[in-house]
Amino acid sequence: MTACDRRWQVAALHDGRLSGAERASAERHLVACAECRDEAAALASLSSALRELPAAVPDQLQLRRYRQSLLERADAAMTGRHQAIRVRRRPLVLAAAALFVLAGAGALASASRTTSPRAATTVAAAPVPATEVDVVASPEADWERETLGDEIRLTLRAGSLDVRVRRAAEGRRVLVRTPDAEIEDIGTTFHVAVDESRTRSVRVREGRVVLRRDGEPSREIAAGEEWARVEPSTVAPPAAPRTSTPPAAVPAPRSAAIPPSSPTAAPTPVASASPPEDTAGRAFAAAMSAFRAGAFDDAARQFHAFSTANAGDARAEDALYLRAIAYARLGRSGSARNAARDYLARNPSGFRAPEMRTLAE
Amino acid sequence: VGRNPRASRAETSGPRSARPAEPSADRDAIARVAAGDLAALGELYDRHVEAVHRFVARATCGSADAPDIAQDVFLSLSSSAASYDGRLDCRPWLFGIAAFHVLNRRRAATRLRRFLERLLLVQDGRTVDQVRALETRETMGATARALEKIAPAKRVALLLAEVEGLSGDEIAVALGIPAGTVWRRIHEARTELRAVLARDAR
């Protein structure tokens, strides 16, 4: 049946594998040879049958959902965290996170263990490959240390701890749990006090922490701020050396004076009034690289300028989001809060909205 | 008949001409994804999601897993973008990643789900798999039914060449195999496909 010895050439011709002279020769042969013509026709019809194969694509709504889920999962994978506040440490920052758990009421605390231990945790997240944690415990402290995967967890039931965390780069999380709260350190130095099986106060010296108390939204506490439990008036006030800050339920945003509308002074690379795609792209890229370089101040200004000048741009949402994150990384929680509110005002159902709501609190 | 069909296809309405006109924008986006820019991942998704879904649907013969696999392709970009070496345009590169996922989709989760379906969900004495197979059989054309019988590695190579319009060299790079192997797989796929089609037609 296969009589023609040039039949092999037909597929090569079909696939475009023949060069000039060979192709011309094969094409001439097709004119003359009926068998090879049939073969060529068979290949062509197979080819068009394949191109007509049904290939269902999910509808647009479904594709949107996939897109959202994709970006959420990729985001979690990139930052390595699933919690709302992501503040990536700059590499090679030697961060000393000193965590003092003032058990001013240390003795008192161990005495009153009868209080049902409402689970609460203090998470100090200190990602670093070489994470060193030095812990100095008060004599009466009831605590333990575990390493769980990439997390170093300090569980403090009573007493006080002085914790120092040294980080080299992205590494282990350091998580401090108290009976009723969880504190995630996104800064460097802070202090936690526990009494009566409850977190009494959290004071931050440098950087920031996130405090998650049971049944309450998480809150961020920045450098110089303190959170303290509001005591029912009947309970004896803790005797601890609570220093300057009053026991406010919410950390006083001392460092938060800059409203989001002010960074107009920002020099931005946006040149013309109606920036062409290229200019907008460059402006966004410039802001992005400032962000990546850790120049969060510049990045925040540039993202602001971008989102103002390109309000209709698809990246405006990202710009608003990244601006809030940049402020968060600077420790300017007030600005971060305002920026997060800006984001929410324009993207009430944006996919960063849950995260921004946490930051906006 | 005398013209090279691939050349004419590429010039007219072939899949190649449907590619975005700015490969540099794609390359830029891949670099930004590698640097951790989520917005760039969104850009790549918007430009290529339908093409990837279509390719995966064909390459898996319309399997119910196709959307999951397509999603995995984009999810894996945040890590594979770093190893993008620029030898391929974005679309052939994406198809290479998609092919990898198609060929390696015997993932534990899928297997477990299949197992549970077979175990638990039985309609009229038939397992879900059998029912689904019957349903798809009725709606699938002869080509799709025949294609399902071809080894996946050959099927993928054939589809990349015939449907997606990739060159032999592009397929070789995308699949990480020698060009000679690409052509052998395509040849065998065609031979087997035609044999199955001829048998079924009888």
Side-chain angles (χ1 to χ4, degrees), chain A residues 8 11-18 23-24 26-28 30-31 36-37 40-44 46-58 60 62-63 66-75 77-79 88 277 281 284-285 288-289 291-292 314-315 317-319 321-322 351-352, chain B residues 1-7 9-10 14-15 25 28 32-33 35-43 45-46 49-58 61-62 66-67 70-71 74-75 77-79 139-144 146-147 158-159 161-163 165 167-168 183 186-187 190 193-194 197:
Chain A
W8 64 270
L13 179 67
H14 176 87
D15 291 329
R17 276 183 287 154
L18 298 183
R23 194 170 77 198
E27 283 170 357
R28 275 197 305 277
L30 276 188
V31 179
C36 287
R37 248 192 338 265
L43 288 178
L46 187 64
S47 193
S48 58
L50 287 171
R51 270 176 281 137
E52 282 156 18
L53 280 172
V57 173
Q60 289 304 315
Q62 191 61 44
L63 286 179
Y66 282 137
R67 187 187 203 275
Q68 176 151 339
S69 141
L70 165 74
L71 294 181
E72 280 167 3
R73 287 168 69 191
D75 191 33
M78 279 178 185
T79 58
R88 247 190 293 180
E277 167 51 28
F284 189 84
M288 200 64 215
S289 64
F291 185 86
R292 275 195 218 108
R315 288 164 295 194
E317 179 182 344
D318 293 306
Y321 164 77
L322 289 164
F351 99 90
R352 311 284 195 172
Chain B
V1 186
R3 296 286 312 279
N4 173 3
R6 177 163 315 284
R9 199 190 309 155
D28 175 58
R32 284 187 288 130
V33 170
D37 182 352
L38 277 183
L41 183 59
E43 283 173 34
Y45 180 91
D46 292 340
V49 65
E50 296 196 8
V52 169
H53 272 278
R54 263 194 298 275
F55 170 68
V56 172
R58 291 191 187 105
C61 300
Q71 184 77 348
F74 285 99
L75 194 59
L77 291 190
S78 43
S79 54
T139 56
M140 268 187 349
T143 317
L147 198 62
L158 183 67
L159 289 173
E162 292 281 23
V163 181
S167 73
W183 293 121
I186 291 173
H187 172 73
R190 277 190 190 127
L193 200 52
R194 287 166 74 179
L197 284 170

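Residue numbers start from 1 in every chain, and the chains themselves are labelled A, B, ... in the order their sequence lines are given, proteins ahead of strands.
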Inter-residue atom distance B:Arg58.CZ - A:Leu50.CG, 0.5 Å rounding: 9.0 Å
Interchain contact, A:Glu72 with chain B, by part (heavy-atom threshold 4.5 Å): neither
A:Phe291, part contacting chain B, at a heavy-atom distance under 4.5 Å: neither
B:Leu41 to A:Ala74 - nearest heavy-atom pair and separation: CD2-CB, 3.5 Å
Charged N-O contact under 4.0 Å between A:Asp15 and B:Arg190: yes
Evaluation steps, side-chain contact (heavy atoms from CB on, under 4.5 Å), between A:Leu43 and B:Arg194: CA-CA 9 Å; A:Leu43 288 178; B:Arg194 287 166 74 179; 3.8 Å; yes
Portion of A:Ala49 that has a non-hydrogen atom of chain B nearer than 4.5 angstrom: both
Spatial distance of atom NE2 (B:His53) from atom OH (A:Tyr66) [nearest 0.5 Å]: 6.0 Å
Within-4.5 Å side-chain heavy-atom neighbours: A:Leu63 and B:Tyr45: yes
Interface residue of largest heavy-atom contact number with chain B, from A:Val57, A:Asp318, A:Leu70, A:Leu322, under 4.5 Å: A:Leu70
Rounded distance (nearest 0.5 Å) linking atom CZ of A:Arg73 with atom OG of B:Ser78: 10.0 Å
Chain A contact via B:Leu193 - which portion, at a heavy-atom distance below 4.5 Å: side chain
Note, B:Leu38 side chain near A:Tyr321 side chain (heavy atom, < 4.5 Å): no
Per-residue contact mode, A:Ser48 against chain B (heavy atom under 4.5 angstrom): neither
Validation row: B:Gln71, A:Arg67 side chains within 4.5 angstrom (heavy atoms): no
Side-chain heavy-atom pair A:His14, B:Glu162 within 4.5 angstrom cut-off: yes
Heavy-atom proximity to chain A below 4.5 Å, by part of B:Ala35: both
